[in-house]
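Below is one structure; the comments refer to it alone.
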Amino acid sequence: MNTSLYINRLQTATIAASPFRQERKMPSNGTAAQVATEKKLYRIGEVSRLADLKPFVLRYWETEFPMLEPVKSSSGHRLYRRDDVDMVFRIKRLLYDEGFTIAGARRHLREHDGAPETETRSANAAAEGAAQLLSRKMLLDLRDTLRAFLTLLERR
C-alpha cells in the first residue's frame with residue numbers, strides 16, 4: 001500500500017492551510033501527513049475542505065467508485081477513514097490532473113489498485129509514448145491515403 005497520503009505539494013499545501021487544521025489547533029511545525037494521521041475518521045465537510053471539493057462531488061463519487069466506501073455513523077453521517085481520504089485524492093488526481101473519464105478512472109483503480117504508484121506511472125508513461133507514436137504514424141498514413149484519394153477524385 002502507498003504510505004504517502006497526499007500525491008502532490010499542492011494538495012499538501014491545501015491541507016496544511018486548511019481551516020480544519022486551525023480549528024483543531026494543530027502544532028504549526030507538524031507536516032500534513034501527521035495532521036491527517038492524528039485523526040481516525042473524517043466527516044464529509046472535513047474531507048471536502050481537505051480535497052478542495054464540494055460535498056456533493058464526494059457523494060457522487062461514492063456511487064461511481066465502489067472502492068470509496070465511507071462508513072456511516074448511527075446518525076447517518078459519512079465518516080471517511082484514512083484509506084478513503086487517500087482514495088479521494090487518487091480519484092481527484094486521475095479525473096482532474098490526468099484527464100481520465102469516470103469510467104476510465106474506475107477501471108484504472110480496479111486494475112492498478114495493488115501496484116505501487118511509481119511503477120504504475122512509469123508503465124503509463126511508456127504506454128502513452130508508444131500510443132502517441134502509433135497514433136502519429138496512423139494519422140500520417142491516413143493523411144497520405146486521403147491525399148491520394150483526393151487526387152483520384154480530382155482527375156475525374
Side-chain angles (χ1 to χ4, degrees), residues 1-21 24 26 30-146:
M1 185 177 123
N2 186 5
T3 57
S4 173
L5 224 153
Y6 306 102
I7 305 305
N8 64 38
R9 289 192 177 112
L10 178 62
Q11 291 169 337
T12 303
T14 301
I15 294 165
S18 74
F20 167 69
R21 179 186 166 106
R24 297 290 183 184
M26 295 291 172
T31 64
Q34 287 172 337
V35 171
T37 57
E38 287 178 10
K39 191 172 177 184
K40 299 284 187 213
L41 297 172
Y42 302 85
R43 294 178 87 171
I44 192 166
E46 295 166 336
V47 177
S48 171
R49 283 190 296 274
L50 289 173
D52 194 27
L53 296 166
K54 299 283 185 190
F56 72 86
V57 172
L58 295 173
R59 288 190 295 271
Y60 175 69
W61 285 358
E62 287 175 37
T63 65
E64 293 294 325
F65 296 94
M67 60 283 300
L68 181 60
E69 291 184 303
V71 295
K72 293 214 178 170
S73 68
S74 58
S75 58
H77 294 281
R78 288 169 171 81
L79 299 174
Y80 290 79
R81 297 167 297 238
R82 198 170 114 205
D83 290 341
D84 294 322
V85 175
D86 186 35
M87 183 59 64
V88 165
F89 279 101
R90 288 177 68 192
I91 293 169
K92 181 180 178 185
R93 179 180 48 81
L94 290 172
L95 295 176
Y96 294 4
D97 298 339
E98 296 187 24
F100 278 74
T101 63
I102 288 179
R106 183 185 320 116
R107 189 176 323 109
H108 177 82
L109 289 170
R110 198 177 310 129
E111 292 172 359
H112 298 93
D113 196 30
E117 217 43 56
T118 54
E119 290 176 16
T120 303
R121 285 187 186 171
S122 62
N124 284 346
E128 284 179 25
Q132 285 178 345
L133 286 175
L134 183 61
S135 294
R136 180 170 170 73
K137 184 177 178 348
M138 288 174 56
L139 287 172
L140 290 172
D141 289 343
L142 179 62
R143 181 191 65 186
D144 293 341
T145 305
L146 288 172

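The model shown is predicted, which means the values in this text are computed figures rather than measured ones.
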(message) Is it the case that the side chain of Arg43 and the backbone of His77 share a donor-acceptor pair, with hydrogens and angles ignored and the cut-off at 3.5 Å?
(response) no
(message) The criterion is salt bridge (charged side-chain N to carboxylate O under 4.0 Å, His left out); which residues satisfy it with Arg107, sequence neighbours excluded?
(response) none
Show me the donor-acceptor pairs, under 3.5 Å and distance only, between side chains in residues 138-146 and residues at least two apart or in other chains.
from, atom 1, to, atom 2, distance (Å)
Asp141, OD2, Lys137, NZ, 3.3
Thr145, OG1, Asp141, O, 2.8

Mind listing the closest non-hydrogen atom pair of [X] and [Y] along with its distance?
{"X": "Ile44", "Y": "Pro55", "result": "CD1-O, 3.7 Å"}
{"X": "Asp84", "Y": "Pro70", "result": "OD2-CA, 3.5 Å"}
{"X": "Pro66", "Y": "Arg106", "result": "CD-CD, 4.2 Å"}
{"X": "Phe89", "Y": "Leu50", "result": "CZ-O, 3.5 Å"}

(request) Could I get the full list of side-chain contact (heavy atoms from CB on, under 4.5 Å) partners for Thr63, not counting sequence neighbours? (result)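 With neighbours one apart ignored, the set is Tyr60.
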(message) Test of understanding: with side-chain contact (heavy atoms from CB on, under 4.5 Å), list the residues that count as partners of Lys72, not counting sequence neighbours.
(response) Arg78
Looking at [atom1] of [X] and [atom2] of [Y], how far apart are the two atoms once the value is rounded to the nearest 0.5 Å?
{"X": "Leu41", "Y": "Glu46", "atom1": "CG", "atom2": "CD", "value": "9.5 Å"}
{"X": "Arg93", "Y": "Arg90", "atom1": "CZ", "atom2": "CZ", "value": "7.0 Å"}
{"X": "Phe65", "Y": "Leu109", "atom1": "CZ", "atom2": "CG", "value": "6.5 Å"}

(request) Check side chain to side chain donor-acceptor pair (under 3.5 Å) between Thr101 and all other residues, then give those that pass, not counting sequence neighbours. (result)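 Result, side chain to side chain donor-acceptor pair (under 3.5 Å) vs Thr101: none returned.
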(request) Identify, with sequence neighbours excluded, every residue that meets side chain to side chain donor-acceptor pair (under 3.5 Å) alongside Glu69. (result) none
(message) For Trp61 and Tyr96, take the angle between the two ring planes, folded into 0 to 90°, and tell me which bin it lands in: parallel under 30, tilted 30 to 60, perpendicular over 60.
(response) perpendicular
(message) I need the single residue from Leu58, Asp52, Val57 that forms a side-chain contact (heavy atoms from CB on, under 4.5 Å) with Lys92. Which is it?
(response) Asp52
